[in-house]
2 protein chains.
Amino acid sequence: MSYEAITAKVRSGGPGASFDQMTHGLNASAKTRVTALLQRNARRYPAGSNIILEGDESDPFFLVLDGWVALNKSLEDGHVQTIDIILPADVIMPSAEGVSAFDVHALTDVTVCAVPMQELDKLEAADPPHMWTSIRALSAAAKARIAERMLRLGQGSAEMRIAYFLTELYLRVSACNDNQDMVFHLPMTQQQIGEFVGLSSVHVCRTLRRLSRNGLIDTSDHLKTVINDFDSIANIAQIDINQLKAEILPSDC
Amino acid sequence: MSYEAITAKVRSGGPGASFDQMTHGLNASAKTRVTALLQRNARRYPAGSNIILEGDESDPFFLVLDGWVALNKSLEDGHVQTIDIILPADVIMPSAEGVSAFDVHALTDVTVCAVPMQELDKLEAADPPHMWTSIRALSAAAKARIAERMLRLGQGSAEMRIAYFLTELYLRVSACNDNQDMVFHLPMTQQQIGEFVGLSSVHVCRTLRRLSRNGLIDTSDHLKTVINDFDSIANIAQIDINQLKAEILPSDC
DNA sequence: GCGGGTGAATAACCCATCTTAAACTACATG
DNA sequence: CATGTAGTTTAAGATGGGTTATTCACCCGC
């Protein structure tokens, strides 16, 4: 199943990973409520726009129906760090206290569905234990992703960070996916990749080109990123694939 | 209240920030259960030992009663990154799925109290909503701490990272504290600080000495770290103090 | 008082990555 | 077709931080 197919699935009301996980075990009335929510609260944002700014009041949850979202923090001097990237069918949790800790930034055109607190309360009343268990699992997966990245951000070389970045996003994009070709759509500029992995855009370019020149990846077609030698890439990234999958992917994939 | 006083408070059954938060609102029976748990499940670990290893089965929660704990991840090549540091009266959440995502490492002699899943279930049965709200708040504070650090890890200079490190830990150590002197006990080697801020121990030393030579801090007494010029340090760290306090400190301080 | 171990301080050297800048490509717009 | 804009590629020079190694200070056990 392609990127487009996943988003189509979500849009058409047959959502993907996290949504299934969140609603799995809900009784019928709660499920109906969730589906209604999706229709009602969906909103579109153009690529490059900010869905929420750090410090803004915000709903506690957003379900991404379509597009890629970056959670950003920035320093006064203008440097930006992307803390996490959220893909379709996954959940944005910008805050617990009603105030967002991040800029929620649309990397592509994005459709999200806000889940206000009172809606969550109603859901909880309908079917409490599953709700909380799911939220805990989702937030644990996000924490694991971030920790794994932070390890490489603090201790890894540029090449390792880029290799890890490619592997992580490939795994996540193709998580609920059957076909095994190592091709995926990566809708980010080198600048944005740099903000994610903690490198200048120039050095992102150098590093990608080196991997490309060595035949490990292929970025000649800008719409498709191809991983030619997955094992070598995973090796550079010092990844144990199975462990990583268990850690960062929703459990129903 | 000093570091020792806080740990004494915890040990004597009058716990600090997170514990209050977790148990705040619990009914009497649940509170009794928690207190009993503290007596029963408390365990001591010597400085330098690992309480849990990454990949081990682990209880979902540990309350730190005494000592400093580092949550570490490491690469095959031996490099270690500390993802978070947990102080007395705070909670370690190594996993959601029963398998720890970190090495839980004792920076000092440590006393922790394990909270097994079934214990949590019982607590939840006794008083569900507060339990979950608290857990969400705790894990949000941890996430905020980590994001703020990750921003500097990816985008900041060595000096900024060290300044941020000092400020964050000073704020946390003295959170529930009345006296305003900028002195605190920092039980970490420069090697361990380096693992936390993503620098070699040599460069940690260089950077600390520079701050020290410029009169911003004083580390001549190894048991006490003194921040002489808090504003300058916070400025180097590009911190907005009030915002940071709201974000990373438990709400009852 | 002596030897051994751990952590801090400092120096010298090196290289990974940043910065700046300029050329080039792709694509959209009038 | 000409022009503009956004992103990529490459080059050249500067530097922040890593690495290795040595010395120093302190503590602890004998």
Side-chain angles (χ1 to χ4, degrees), chain A residues 46-49 68 75 77-81 106-109 152-163 165 185-214 217-225 236, chain B residues 46-49 68 70 75 77-81 106-109 152-166 185-214 217-226 236:
Chain A
S49 66
W68 287 34
L75 295 167
D77 63 21
H79 283 109
V80 174
Q81 176 69 39
L107 291 171
T108 65
D109 288 347
R152 276 134 189 119
L153 191 59
Q155 308 295 331
S157 65
E159 202 173 38
M160 187 191 296
R161 293 187 221 171
I162 294 285
F165 161 73
H185 178 61
L186 210 176
M188 295 172 71
T189 66
Q190 295 179 345
Q191 172 71 32
Q192 290 165 335
I193 296 174
E195 290 169 356
F196 193 40
V197 301
L199 296 172
S200 69
S201 61
V202 175
H203 206 62
V204 169
C205 179
R206 275 198 283 257
T207 309
L208 282 173
R209 301 271 39 244
R210 177 145 32 100
L211 292 175
S212 182
R213 223 177 302 121
N214 294 345
I217 62 172
D218 186 343
T219 53
S220 54
D221 181 343
H222 273 216
L223 298 177
K224 285 185 272 179
T225 299
I236 291 173
Chain B
S49 65
W68 286 36
L75 295 166
D77 63 20
H79 283 107
V80 174
Q81 176 69 38
L107 292 170
T108 64
D109 289 346
R152 276 137 189 114
L153 190 59
Q155 308 296 332
S157 64
E159 202 174 36
M160 187 190 296
R161 294 186 220 173
I162 293 285
Y164 182 81
F165 161 72
L166 291 172
H185 178 61
L186 210 176
M188 295 172 72
T189 66
Q190 294 179 343
Q191 172 72 33
Q192 290 166 335
I193 295 174
E195 289 170 355
F196 193 40
V197 301
L199 296 171
S200 69
S201 60
V202 176
H203 206 62
V204 169
C205 180
R206 275 199 281 253
T207 310
L208 282 173
R209 300 269 42 244
R210 178 145 32 97
L211 293 175
S212 181
R213 223 178 299 119
N214 295 344
I217 62 172
D218 187 342
T219 54
S220 54
D221 181 343
H222 273 215
L223 298 177
K224 284 186 273 179
T225 299
V226 185
I236 291 172

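Values in this document were obtained by computation on a predicted structure and should not be read as measured data. Atoms considered below: every heavy atom in the structure, side chains included; atoms not considered: hydrogens, waters and symmetry mates. Residue numbering restarts at 1 for every chain, and letters A, B, ... go by the order of the sequence lines.
The two residues B:Gly194 and B:Val204 come nearest to each other via the heavy atoms CA-CG2, 3.5 Å. The heavy-atom pair separating B:Ala106 from B:Pro46 by the smallest distance is CB-O, 3.6 Å. Nearest heavy atoms, A:Ala47 versus A:Asp109: N-OD1, 2.7 Å. When all heavy atoms are compared, the tightest approach of B:Thr108 to B:Trp68 is OG1-N, 3.0 Å. B:Gly198 and A:Gln155 get closest at one heavy-atom pair: CA-NE2, 4.0 Å. Considering all non-hydrogen atoms of both residues, A:Leu199 and A:Arg161 come closest at CD2-NH1, 3.8 Å.
The interatomic distance linking B:His222 (NE2) with D:dC24 (C1') rounds to 12 Å, in whole Å. Between the CD atom of B:Gln155 and the P atom of C:dT17 there is a distance of 14 Å, given to the nearest Å. Here C:dA8 presents its P atom at 15 Å from CG of B:Asp218, a figure rounded to the nearest Å. The distance from atom CD1 of A:Ile162 to atom P of C:dA16 is 16 Å, rounded to the nearest whole Å. Between A:Leu208 atom CG and D:dT10 atom P there is a gap of 11 Å when expressed in whole angstrom units. What separates CD1 of A:Ile193 from P of D:dA6 is a distance of 19 Å, to the nearest Å. A straight line from CD of A:Glu195 to C1' of D:dG7 spans 14 Å, rounded to a whole angstrom. Taking atom CZ of residue B:Arg213 and atom P of nucleotide C:dA8, one finds them 17 Å apart after rounding to whole Å.
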Tabulate atom names and distances for all N/O pairs under 3.5 angstrom spanning the protein and nucleotides 12-21 of chain D.
| unit_1 | atom_1 | unit_2 | atom_2 | d |
| --- | --- | --- | --- | --- |
| D:dG17 | OP1 | B:Ala158 | N | 2.9 |
| D:dG18 | OP1 | B:Ser200 | N | 3.2 |
| D:dG18 | OP2 | B:Ser200 | N | 3.2 |
| D:dG18 | OP2 | B:Ser200 | OG | 3.0 |
| D:dG18 | N7 | B:Arg206 | NH2 | 2.8 |
| D:dG18 | O6 | B:Arg206 | NH1 | 3.4 |
| D:dG18 | O6 | B:Arg206 | NH2 | 3.2 |

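Axis deviation across the helix from C:dG1-D:dC30 to C:dG30-D:dC1 amounts to 40°, comparing end segments of five pairs, rounded to 10 degrees.
Side-chain N/O atoms of B:Gln190 include one lying less than 4.0 angstrom from OP1 or OP2 on C:dA9.
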Evaluate the criterion side-chain contact (heavy atoms from CB on, under 4.5 Å) for residue pair A:Gln192 and A:Val80; output intermediate values, then yes/no.
-> CA-CA 9 Å; A:Gln192 290 165 335; A:Val80 174; over 6 Å; no

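Atom CZ of residue A:Arg206 and atom CD1 of residue A:Ile162 lie 11.5 Å apart, to the nearest 0.5 angstrom. Atom OG1 of B:Thr207 and atom CZ of B:Arg209 lie 11.5 Å apart (nearest 0.5 Å).
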